[in-house]
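Side chains included, hydrogens not; waters and symmetry mates left out as well; all remaining heavy atoms used.
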Amino acid sequence: MDIPLPDQESRRLIFEVHLRNKPLAPGISASSLAAGTDGFSGADIQGVCTKAALRAVRRAVASRIEKPADEAPVRIEPDDLKAALKEATA
């Protein structure tokens, strides 16, 4: 038995779950992410969110290595999500 892929509303809800309690840059919308991920499974969406969060952490660590006094907050930026989505579709 095949499980159908989530529709846009379901993908939006999945993004909301996996981005909950993660620091997001202003303007990141679960609705717009869902609109651009037709054909993604819930696991695909979870992977995108995880990869975007890891990119944000790596960027913050690298920034603090370069400038130890830098206290910029760790947050997921649109470019982190774009890169994670690109990697997911490669």
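Note: S41 OG to I14 CD1 = 8.0 Å, rounded to the nearest 0.5 Å. With rounding to the nearest 0.5 angstrom, the CG atom of L85 is 8.5 Å from the SG atom of C49.
Residues passing the side-chain contact (heavy atoms from CB on, under 4.5 Å) test with E87 are K51, sequence neighbours excluded. Looking at residues two or more places apart in sequence or on another chain, you find a side-chain contact (heavy atoms from CB on, under 4.5 Å) between S10 and P6, D7.
Of all heavy-atom pairs between D44 and G39, the closest is OD2-O, 4.2 Å.
Apart from V17 itself, the hydrophobic cluster it occupies contains nothing, where clustering links Ile, Leu, Val, Met, Phe, Trp and Tyr at side-chain heavy-atom distances under 4.5 Å.
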Solution key, residues 75-82 side-chain donor-acceptor pairs under 3.5 Å, sequence neighbours excluded:
unit_1: R75; atom_1: NE; unit_2: E77; atom_2: OE2; d: 2.7
unit_1: D80; atom_1: OD1; unit_2: R59; atom_2: NH1; d: 2.6
unit_1: D80; atom_1: OD2; unit_2: R59; atom_2: NH1; d: 2.9
unit_1: D80; atom_1: OD2; unit_2: R59; atom_2: NH2; d: 3.2
unit_1: D80; atom_1: OD2; unit_2: E77; atom_2: N; d: 2.8

In residues 26-38, what donor-acceptor pairs under 3.5 Å come from side-chain atoms, sequence neighbours left out?
unit_1: S29; atom_1: OG; unit_2: S31; atom_2: N; d: 3.2
unit_1: S29; atom_1: OG; unit_2: S32; atom_2: N; d: 3.2
unit_1: S32; atom_1: OG; unit_2: S29; atom_2: O; d: 3.0
unit_1: T37; atom_1: OG1; unit_2: R11; atom_2: NE; d: 3.3
unit_1: T37; atom_1: OG1; unit_2: L33; atom_2: O; d: 3.0
unit_1: T37; atom_1: OG1; unit_2: A34; atom_2: O; d: 3.1

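A salt bridge does not link R20 with E16: every distance from a Lys NZ or Arg NE/NH1/NH2 to an Asp or Glu carboxylate oxygen is 4.0 Å or more.
Evaluation of the salt bridge (Lys or Arg N to Asp or Glu O under 4.0 Å) test over residues 21-34, restricted to residues two or more places apart or in two chains, returns none.
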